[in-house]
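One-based numbering, in listed order, for ligands and for the atoms of each. The structure displayed is predicted, hence computed values, not measured ones.
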Amino acid sequence: MPKMREKSHGCDERGRVIAYFGSTVSVETPDQGVVTCHWRRNQCLPVVGDYVGFTREATGEGGVIHEILPRKTVLMRAQGRTAMKPIAANLDCLVIVMVPPPVFSQALVDSYAVAAELLGIQPILVLNKGDLMRAAERLAFESVLSVYRGVPYPVLFTSTKTGEGMAELEALLADHTVALVGPSGVGKSSLIQCLSKEESIRVGDVTEKGIGKHTTTATRLYTLAHGGALIDSPGVREFQLWPVTKGEVLRGFPEFKPYLTGCQFRDCSHAIEPGCAVQAALADGKISAHRYKTFQALMQQAHKKKP
Ligand code: GDP
Ligand code: ZN
């Protein structure tokens, strides 16, 4: 009589990497099983969020990854001066978490947004701790936020204390793979807890099976309560814009795009040249002065780093 388990031995199975532990990964199968997988030394490293093909080992205990399916996007982290290390794959949205002024930093939001644009990931701006802001303060802050609404990026206020904006955020993130970035203390852990309540139980299960060593440093993928997935780790949270080229800076500001072909000089740096369409748009109020300031600062850094 054939044994049921043997059916899967040697078969090609598909799954998604939900945790990374350095020498192994946890792969979740479509039936929500979790298989500890190794990979071959000559293979590209799997990262959390990857969709992989794997083969179960004869013992039925673990598996070996033989294929990483093409990545839609990759979140990279600078390693040393020149190398980039992938830390998460197939992200759709980068949630930039900030809190109201005085902590709020427009330059930091811009730098995350540029990074997201370059990686092909949708930036979403979340102002957490909305409960700490009075109505009048919010109204005054709207002029800053309208800059981002105009790009256009989704912008919303949330509060993990009152629940404000949480349904809206859940709806925005539903069925997407997302990561939260932002300074320490803005409420990322609190937001993650609200967004993926049930999932902490499942991660607990994984840990019990002995897979989850170094749980605090490992990158993990949590299933969102309303569909979709969230990737988190200290590495993901430390994500920041890497040294970019001038061309990358230009691509990082999508609202500038309509003007880039209108300049008098083909190699216009959009700084001091006559006949610059970007500066004209700035003078007309079509481009935000704040965004242009960040743009110039990034262009100057790019000039220094990559002549
Ligand atoms: P993280 O460092 O970004 O992960 O931030 P945490 O989630 O650890 O939150 C930092 C502090 O802010 C904690 O004391 C939270 O209780 C608090 N906090 C988180 N969300 C909110 C919020 O919406 N409103 C208020 N008033 N405090 C919050
Ligand atoms: Zn120009």
Side-chain angles (χ1 to χ4, degrees), residues 94-105 108-109 112 124-135 137-138 141 155-170 178-197 199-200 215-220 222 230-240 246-247 249-284 286-289 291-300 302-303:
L94 192 72
V95 181
I96 304 166
V97 187
M98 283 284 160
V99 287
V103 174
F104 180 85
S105 157
L108 191 56
V109 172
Y112 280 129
I124 295 175
L125 178 55
V126 164
L127 276 308
N128 191 40
K129 307 197 187 183
D131 55 291
L132 298 181
M133 213 178 187
R134 284 193 222 103
E137 290 169 336
R138 271 198 201 199
F141 194 38
V155 177
L156 61 152
F157 279 98
T158 59
S159 169
T160 62
K161 303 285 178 199
T162 66
E164 179 198 356
M166 291 309 294
E168 207 185 327
L169 182 59
E170 277 164 0
V178 310
L180 270 61
V181 294
S184 179
V186 293
K188 294 182 296 299
S189 307
S190 314
L191 284 165
I192 292 169
Q193 226 153 38
C194 292
L195 293 167
S196 57
K197 277 176 217 145
E199 202 48 30
S200 50
T215 46
T216 52
T217 54
T219 306
R220 293 196 177 258
Y222 304 91
L230 186 148
I231 300 179
D232 188 42
S233 73
V236 169
R237 290 177 182 214
E238 282 160 21
F239 169 75
Q240 56 184 21
K246 283 180 263 178
V249 178
L250 283 169
R251 280 197 288 126
F253 290 79
E255 77 272 36
F256 291 14
K257 200 176 171 195
Y259 310 107
L260 295 179
T261 49
C263 300
Q264 190 179 328
F265 299 106
R266 235 185 210 203
D267 61 348
C268 184
S269 69
H270 319 295
I272 45 157
E273 294 87 344
C276 171
V278 172
Q279 288 173 77
L282 174 71
D284 287 351
K286 288 177 184 147
I287 282 177
S288 133
R291 293 275 287 172
Y292 183 73
K293 203 173 135 198
T294 309
F295 166 79
Q296 274 196 310
L298 288 175
M299 282 297 254
Q300 270 163 17
H303 272 281

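- A side chain to side chain contact (heavy atoms under 4.5 Å, CB included) with F157 is found for one member of L169, L127, D131 and no other, namely L127.
- Salt-bridge annotation for D232 and R220: absent, with no side-chain N of the basic residue lying under 4.0 Å from a carboxylate O of the acidic one.
- Applying the side-chain hydrogen bond (donor to acceptor under 3.5 Å, both in side chains) test to every pair with at least one member in residues 250-266, sequence neighbours left out, gives these pairs: E255-R291.
- Looking at K188, its side chain does come within 3.5 Å of a backbone N or O of P183 through a donor-acceptor pair.
- Of the options L230, T158, V186, a side chain to side chain contact (heavy atoms under 4.5 Å, CB included) to L191 is made by T158 and by none of the others.
- Distances from the Zn ion (ligand 2) under 2.8 Å pick out these protein N/O/S atoms: C263 SG, C268 SG, H270 ND1, C276 SG.
- Near ligand 1, heavy-atom contacts under 4.0 Å come from N128, K129, D131, L132, S159, T160, K161, P183, S184, G185, V186, G187, K188, S189, S190, R237.
- Under the rule for a ring pair (Phe, Tyr, Trp, His ring centres under 6.0 Å), F265 has no partner lying at least two apart in sequence or in another chain.
- For the pairing with K129, the side chain to side chain contact (heavy atoms under 4.5 Å, CB included) check across T162, V97, V99, V103 returns one residue only, V99.
- Ring-plane geometry between H270 and F295 is classed as tilted, the angle between the planes lying from 30 to 60 degrees on a 0 to 90 degree scale.
- No donor-acceptor pair closer than 3.5 Å links the side chain of Q279 to the backbone N or O of A277.
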